[in-house]
J.: 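Once you've had a glance at the structure underneath, I'll fire off some questions.
Source: prediction; values computed, not measured. Residue numbering restarts at 1 for every chain, and letters A, B, ... go by the order of the sequence lines.
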There are 2 protein chains.
Amino acid sequence: MPWLTHTAKNDVVAQICDRIWLAVVQRTLRPGARLKEEELAEIFGVTRARVRQALVLLEQDGLVSLVPNRGACIAEPSVEEAQDAFSARLLIEQRLVARLCARVTDAQLDQLRDHIARERSAHEMGDSEAVIRLSGEFHMLIARMTEAELLFKILRTLTIRTSLITAMYQTQATQTCGPDEHARILAAIAARDEARACAEMTHHLNHLESALRLSESDRPVSELREALLGAGQRAKTG
Amino acid sequence: MPWLTHTAKNDVVAQICDRIWLAVVQRTLRPGARLKEEELAEIFGVTRARVRQALVLLEQDGLVSLVPNRGACIAEPSVEEAQDAFSARLLIEQRLVARLCARVTDAQLDQLRDHIARERSAHEMGDSEAVIRLSGEFHMLIARMTEAELLFKILRTLTIRTSLITAMYQTQATQTCGPDEHARILAAIAARDEARACAEMTHHLNHLESALRLSESDRPVSELREALLGAGQRAKTG
DNA sequence: TTCAGCCAAATTGTTGACAATTTTGTGCAC
DNA sequence: GTGCACAAAATTGTCAACAATTTGGCTGAA
């Protein structure tokens with residue numbers, strides 16, 4: 001079910017990746033959390049070798065940072081990295097949505113409509129896990145429909161990155177983007193209006209980013225320095 | 001020295017990756033070539049585990065295809081995949097070069113000039129290995145200078161892909177792009193002319209792609225079917 | 001008290017042997 | 001001679017024990 005899955009098969013390693021990713025976006029696993037191989041191995045009922053493979057894959061996706069001889073932990077993307085990720089994602093998704101406008105079929109439009117309906121349903125039922133999953137899946141669905149395999153792959157890793165970033169920098173205000181903006185994107189695609197679709201996608205991603213604490217003024221106290229120097233010092237450095 | 005290197009450290013695995021990549025771009029290892037783990041392990045004087053790690057990384061970069069229980073071989077990107085790769089690379093590099101125009105320093109310009117000089121030198125001396133390496137490095141240098149870490153990473157894997165594609169589909173006519181087009185790109189960057197820099201980069205990449213046998217009419221006879229049916233049959237199928 | 005040095009515990013990295021799978025080769029029936 | 005079944009070889013996948021590295025605490029001297 002999860003869309004993150006690396007290989008299509010019933011791969012144990014891919015399942016481990018998915019579970020870790022899910023724990024991160026659900027904020028069960030906080031950024032910086034230590035990931036001990038043996039512990040994970042026991043949790044998932046596999047050997048350490050499998051866990052190790054999963055960690056390597058997750059590092060490639062930027063979800064965990066892997067330091068030689070010192071183990072793995074959930075990555076802590078900086079504000080700059082966060083902005084980079086959104087910037088890259090915008091570039092890719094603009095291209096994807098434009099491309100889809102030119103080639104989308106009616107069947108695909110129905111599929112997208114169906115997906116948004118499911119998003120709405122999950123939203124109303126308050127199933128936050130489904131909301132998160134489906135929300136990401138919408139973007140991946142568009143990517144897959146464009147049949148640009150490479151951009152699809154790139155977007156997959158970028159989505160993983162932004163998932164982590166969202167989990168890390170999110171405010172109480174906006175947990176996830178509602179399905180409404182997705183609907184607007186879909187409408188533009190259905191109208192085969194490239195410019196509008198691009199604009200809606202841009203708006204959507206900018207909205208997503210702006211709902212995070214990425215400004216200088218109110219960063220989260222995740223960084224040790226900031227946290228320990230306290231508010232008094234921050235005025236000086238800023 | 002090689003710019004492909006995955007991790008900055010003196011990582012044995014990264015070296016294996018580089019050696020394999022180099023063998024591919026030098027056409028010593030042809031697409032489709034079988035990569036037996038034990039064989040590689042013996043060649044590089046390492047254990048199979050290391051080779052395995054390298055193969056996983058190379059698969060992520062699209063240089064080798066890895067089939068469960070059936071081993072690894074040099075990937076054989078289809079024409080569609082080749083076009084996708086160039087298309088994606090164009091998208092990324094346009095962005096990168098535009099971004100660099102806005103932030104390039106004089107020192108960086110000197111560095112680029114110096115690089116092109118080395119390209120020229122290698123070109124004149126007929127050192128084809130250096131030409132290939134430096135040619136790729138020029139693009140990576142631009143990417144690094146923009147300080148967009150993510151786009152840099154993405155471009156790295158795209159460059160690996162296009163290296164393979166070039167090796168696979170290249171004609172006798174153009175082995176590699178000469179340093180002249182790089183010089184034109186640099187000139188546009190030096191003039192801080194975003195539009196022109198983009199255009200030059202676009203021209204350069206299109207030139208690179210158009211020098212390959214990517215058209216329907218004359219595909220390489222890499223596929224077994226094509227190769228063994230012979231020219232007589234090809235007329236029928238085409 | 002403080003800090004360098006050192007030892008012990010915990011954790012990661014590596015290896016080689018073993019299991020599972022696929023491929024290749026052989027023989028038998030038809 | 002052809003096709004199928006079965007066995008043997010080659011190759012990949014997995015594992016658990018062992019080695020190397022780091023971390024934290026302890027001791028003892030300045």
J.: C:dG13 P sits how many Å from A:L55 CG, rounded?
T.: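 Atom-to-atom, A:L55 to C:dG13, this comes out as 10 Å.
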J.: Distance check: side-chain N/O of B:R48 vs OP1/OP2 of C:dG16, anything under 4.0 Å?
T.: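 False: B:R48 side-chain N/O out of range (4.0 Å or more) of C:dG16 OP1/OP2.
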J.: Just checking B:R52: base, sugar-phosphate only, or nothing, at a heavy-atom cut-off of under 4.0 Å?
T.: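 Base contact - B:R52 has a heavy atom under 4.0 Å of at least one base atom.
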J.: Decide if the gap between the ring center of A:H182 and the ring center of A:H115 is smaller than 6.0 angstrom.
T.: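 Ring centres of A:H115 and A:H182 not closer than 6.0 Å.
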J.: Quick one: closest heavy-atom pair of B:I74 and B:L35, and the distance?
T.: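 The pair with the smallest heavy-atom distance is CD1-CD1, 3.8 Å.
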J.: Respond yes when some side-chain nitrogen or oxygen of A:T47 is under 4.0 Å from OP1 or OP2 of D:dC15, and no when none is.
T.: yes
J.: Name the nucleic acid region contacted by A:L35, choosing base, sugar-phosphate or nothing; use a 4.0 angstrom heavy-atom cut-off, strictly under.
T.: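 Sugar-phosphate, no base atom in range.
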J.: Would you mind reading off the distance between A:R50 atom CZ and C:dT12 atom C1', rounded to a whole angstrom?
T.: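 Atom-to-atom, A:R50 to C:dT12, this comes out as 19 Å.
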J.: Distance only, no hydrogens: is a donor on one side chain within 3.5 Å (strictly under) of an acceptor on the other, for B:R27 and B:Q170?
T.: yes
J.: With respect to the phosphate group of D:dA10, does any side-chain polar atom (N or O) of B:R34 fall under 4.0 Å of OP1 or OP2?
T.: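 So the side chain of B:R34 is outside the cut-off, no N or O lying under 4.0 Å from OP1 or OP2 of D:dA10.
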J.: Using whole Å, report how far CG of B:D11 lies from P of C:dG13.
T.: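 Computing the B:D11:CG to C:dG13:P distance gives 11 Å.
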J.: Please report, rounded to the nearest Å, how far the P atom of D:dT11 is from the CD atom of B:E42.
T.: 12 Å
J.: Between C:dT15 atom C1' and B:Q53 atom CD, what is the distance in whole Å?
T.: 12 Å
J.: How many whole angstroms separate atom CD of B:E37 from atom C1' of C:dA20?
T.: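 These atoms are roughly 14 Å apart.
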J.: OP1 or OP2 of D:dT12 less than 4.0 angstrom from a side-chain nitrogen or oxygen of B:R70, does that happen here?
T.: no
J.: Does a donor on one side chain and an acceptor on the other come within less than 3.5 Å for A:R213 and A:T171?
T.: no
J.: In a check of side chain to side chain contact (heavy atoms under 4.5 Å, CB included) between A:I92 and each of A:L150, A:V97, A:L155, which one passes?
T.: A:L155
J.: Where is the tightest heavy-atom contact between B:I165 and B:E81, given as atom of each residue plus distance?
T.: CD1-O, 4.4 Å
J.: Considering only side-chain heavy atoms of A:N69, which listed nucleotide, D:dT14, C:dG13, C:dT15, is closest?
T.: C:dG13
J.: Compute the bend angle of the helix from C:dT1-D:dA30 to C:dC30-D:dG1 from the end axes (five pairs per end), rounded to 10°.
T.: 0°
J.: Indicate yes or no for a side-chain donor-acceptor contact from A:S87 to the backbone of A:Q83 under 3.5 Å, with no hydrogens or angles considered.
T.: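 The answer is no, because no donor-acceptor pair under 3.5 Å joins these two groups.
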